[in-house]
Protein chains: 2
Amino acid sequence: MEATANQGGRATITDVAKRSGTSIKTVSRVFNDEPFVRAETKKRVLEAAAALDYHPNIAARSLVRGRSFLIGLFYENPSPNYVVDLQTGALDRLRDERFRLLLFPCQSARAMSGKLLQVARTSGLEGIVLAPPLGDDPRTVKELREGRMPFVRIAPTTALDASPMVGIDDVEAARAMTQHLLDLGHRRIAFVQGDPGHPSTGQRLSGFRAALTEAGVSFDERLLEEGMYTFESGLAAGRRLFADRMRPTAVFAANDDMAAGIAVAAKEYGLDIPAHVSIAGFDDSLISRVTWPQLTTIHQPTYDMAHVATDALLALIERQPLDRAVGLPHRLLVRGSTGKAPSGEAANAGSSA
Amino acid sequence: MEATANQGGRATITDVAKRSGTSIKTVSRVFNDEPFVRAETKKRVLEAAAALDYHPNIAARSLVRGRSFLIGLFYENPSPNYVVDLQTGALDRLRDERFRLLLFPCQSARAMSGKLLQVARTSGLEGIVLAPPLGDDPRTVKELREGRMPFVRIAPTTALDASPMVGIDDVEAARAMTQHLLDLGHRRIAFVQGDPGHPSTGQRLSGFRAALTEAGVSFDERLLEEGMYTFESGLAAGRRLFADRMRPTAVFAANDDMAAGIAVAAKEYGLDIPAHVSIAGFDDSLISRVTWPQLTTIHQPTYDMAHVATDALLALIERQPLDRAVGLPHRLLVRGSTGKAPSGEAANAGSSA
DNA sequence: CGGTAAATTGACAACGTTGCCAATTCCGAA
DNA sequence: TTCGGAATTGGCAACGTTGTCAATTTACCG
């Protein structure tokens, strides 16, 4: 039956040409949807291809076209939810495109610095999506630009630069969240920072500070805690905060994972959320919905950012004109973990100054 | 400076040969670590390659060798944590190999049935890792085997079959968890099932039943709830269970996401965990550590399973001999969400029969 | 019916690499 | 010094596809 195929291996374009009584060029035309193929010829070719279970050889196609149709997603692993959102956004954009996505989980932005272009070349990538904080390493960006490797960065829009970029405005978002806490009457608000290696850390903090300043509320620097964007670091920060008699009435964590850790710490100290302490996060990751009560947070459209970034990258690869920076909207999600400041606050705050 | 390279594009093996004063064949030898290249020649070639920033063209190499060095990971998306563990396990095994990993998130096993081989062919994959429940679709397995596409399934070891497979013994693990609850004195134990499309669902249930039977405890079928392995389905199941006056003293959910939902439902009903009700999960996913209290669960070595499966796949591709099925050990993790059955249980259980 | 443009098809040379095999060089032994 | 075999190197065809360009067929006009 299928004896037309060259022995053993997969059917090639030549096999299809023979079986359909045409030339390999015509078969190629059919499989690339080129015009100028008679309908009847096309039908014959497709029948032959189906009978032989023919699939174009991607390597040969890549070779002759000088293209790999491969793009890379480089990311650190801040949280599985975030990573999966990124991947899904990128993959969904690629659906029905010829491009395929290769994953490059990185240990740290610093470790990759200077090696990224090489990795991309070795893998034959046509373009790169850089997830935070990889897009913020100046050396990497410089290297990619000089190497003419198309890339799009997912990064806070406030960190403006000449290269294409997609993100939300972290400063503004943090300001909005802080305002929400102020509106609830909170004055002793602690802030738990993220990984100092991520630019978002500084931006969220500055948004927080800006809101306090605007409201004329002075900030007790002892309420600034360090963190690493991990659940554990949030737990530790929460314990430090709640161990102090001058404990805050609200805690704003720079991401949800830390906020969840802080919530656990609060429970360890017998504090009710939000009656005794309000807790706010950032990212709207899955974890913010599985704590009890659910976390008030900032929705960051991670999926959309990856989708848009991939879209931009494809345009860049095809040398189409392109907006330099795309800002996506964030959203304040008020859920159960934030509430009115406890009434005793003023007395409490003043008791030990 | 770098004028030796052919204009514009990337340097090719010919450029390196010219610059190093050797032949392309010798350059090829150097880059493939073949023997019989004089040390001094090798050095010259490497210098020239570095100067030209030469990287072998993967497409050309794939074409001539008839290999793509691409393997695919097909998975549904039960939970981000699980997916990331899978990916990381596979990617870590691939480190320092020439192989690269392509992602194929699937809507549902049913939707992919019959299309998987085609997708693999189209993408030029050399092999496939099937994450649950994709490996349990008989049609897919048959198709892959007949198409001679190497594949390894990650699936419960109790679902034995002729094709290579890696997994834990779900039945035994569920039995161990149930025994744990029985040991704590629980007799009214509810079970929340997972997605009926996953074979693990049936196996975990059967392990649960077996443990009860062995202990001589009869099972009230009203305590069997349906679920879909999602947090929301667990929340819903929990609400149904706790709304009933005959509520269980312990709930065993077929995975952690559902258990977390059940924990939230318990809190809605003012039930303390574990004083009023014990809750057990399965998987040891991140979520089991961020609930309060943390969930007692079964540690499933997802990372290791993907690692071992990838290892087996590479062996299969290289036509090396291979163990048909590999069973990996699970572990019962007792944390805060399970405790002694409330003393009033007997009275409570008998009050409305 | 002849002529011209458009539609359709095919021949053949790349693309950059590796496998096969022949050519050359090197080394120690005779 | 010469010889034989091992070490080292190079030449060239092939891998399966697409781009270029020429050849052939078809359709339409006057």
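Just so it is clear, the model here is predicted, and its values are computed rather than measured. Chain naming here is simple, since letters A, B, ... match the order of the sequence lines and numbering starts at 1 in each.
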(request) Mind calculating the distance between CZ (Arg65(A)) and C1' (dT18(D)) to the nearest angstrom? (result) 7 Å
(message) In whole Å, I'd like the distance from the CZ atom of Phe69(B) to the C1' atom of dT17(C).
(response) 12 Å
(request) Report the end-to-end axis angle of the helix from dC1(C)-dG30(D) to dA30(C)-dT1(D); each axis comes from five terminal pairs, and the value is rounded to 10°. (result) 40°
(request) Show the numbers, then the answer: is there a side chain to side chain contact (heavy atoms under 4.5 Å, CB included) between Val119(B) and Leu125(B)? (result) CA-CA 9 Å; Val119(B) 169; Leu125(B) 301 183; 5.9 Å; no
(message) As a test of reading the structure: which of dC15(C), dG10(D), dT17(C) is closest to the side chain of Arg61(B), going by heavy atoms?
(response) dT17(C)
(request) List for me each residue that meets salt bridge (charged side-chain N to carboxylate O under 4.0 Å, His left out) alongside Arg139(B), sequence neighbours excluded, and say none if there are none. (result) none
(request) Any chance you could measure Glu76(B), atom CD, to Leu134(B), atom CG, to the nearest 0.5 Å? (result) 5.5 Å
(message) Which residues pass the side-chain hydrogen bond (donor to acceptor under 3.5 Å, both in side chains) test with Thr88(B), not counting sequence neighbours?
(response) none
(request) Please confirm whether the backbone N or O of Gly124(B) pairs with a side-chain atom of Ser68(B), one donor and one acceptor, at under 3.5 Å? (result) yes
(message) Please pick, from dG19(C), dG10(C), dT17(C), the nucleotide with the shortest atom-to-atom distance to any side-chain atom of Lys25(B).
(response) dG19(C)
(request) Establish, with yes or no, whether the OP1 or OP2 oxygen of dT9(D) is under 4.0 angstrom from a side-chain nitrogen or oxygen of Thr41(B). (result) yes
(request) Verify the ring-centre separation between Phe31(B) and Tyr54(B): is it less than 6.0 angstrom? (result) yes
(request) May I ask you to decide whether Asp15(B) forms a salt bridge with Arg10(B), counting only side-chain N to carboxylate O separations under 4.0 Å? (result) no
(message) What's the separation between atom CD1 in Ile154(A) and atom OH in Tyr75(A), rounded to the nearest 0.5 Å?
(response) 12.5 Å
(message) Can you measure His55(A) atom NE2 to dT17(D) atom P for me and round it to whole angstrom units?
(response) 12 Å
(message) With nearest nucleotide decided by heavy atoms, which residue, Ile58(A) or Ile24(B), maps closer to the 5′ end of DNA chain D?
(response) Ile24(B)
(message) Within this structure, what is the CG-CG distance for the pair Leu102(A) and Leu101(B), rounded to the nearest 0.5 Å?
(response) 8.0 Å
(request) Mind listing the residues from residues 28-40 of chain A sitting with a heavy atom below 4.0 Å of DNA chain C? Number order is fine. (result) Arg29(A), Phe36(A), Val37(A), Arg38(A)
(message) Check the phosphate of dT9(D) against Thr26(B), side-chain N and O only, distance under 4.0 Å to OP1 or OP2. Yes or no?
(response) no
(request) Could you identify which residues of residues 116-125 of chain A place a heavy atom less than 4.0 Å from some atom of DNA chain C, listed by residue number, or say none? (result) none
(message) Mind checking if Thr22(B) touches a base, just sugar-phosphate, or nothing, with heavy atoms under 4.0 Å?
(response) sugar-phosphate
(request) Nearest whole angstrom, please: distance from the C1' of dT9(C) to the NZ of Lys43(A). (result) 19 Å
(message) Once side chain to side chain contact (heavy atoms under 4.5 Å, CB included) is applied, do any residues pair with Glu47(B), and if so which ones, sequence neighbours excluded?
(response) Lys43(B)
(request) To the nearest 0.5 angstrom, please state how far the CG atom of Asp92(A) sits from the CG atom of Asp304(A). (result) 10.5 Å
(request) Could you state the atom-to-atom distance from NZ of Lys18(B) to P of dT9(D) in whole Å? (result) 20 Å
(request) Grab the CG-C1' distance between Leu63(A) and dC15(D) for me, whole Å please. (result) 9 Å
(message) Under a 4.0 Å threshold between the charged nitrogen and the carboxylate oxygen, would Glu318(B) count as salt-bridged to Arg67(B)?
(response) yes
(request) Mind calculating the distance between CG (Asn57(B)) and C1' (dG16(D)) to the nearest angstrom? (result) 14 Å
(message) Measuring from the side chain of Ser23(A) (C-beta onward, heavy atoms only), which nucleotide among dT9(D), dT18(C), dG10(C) has the closest atom?
(response) dG10(C)
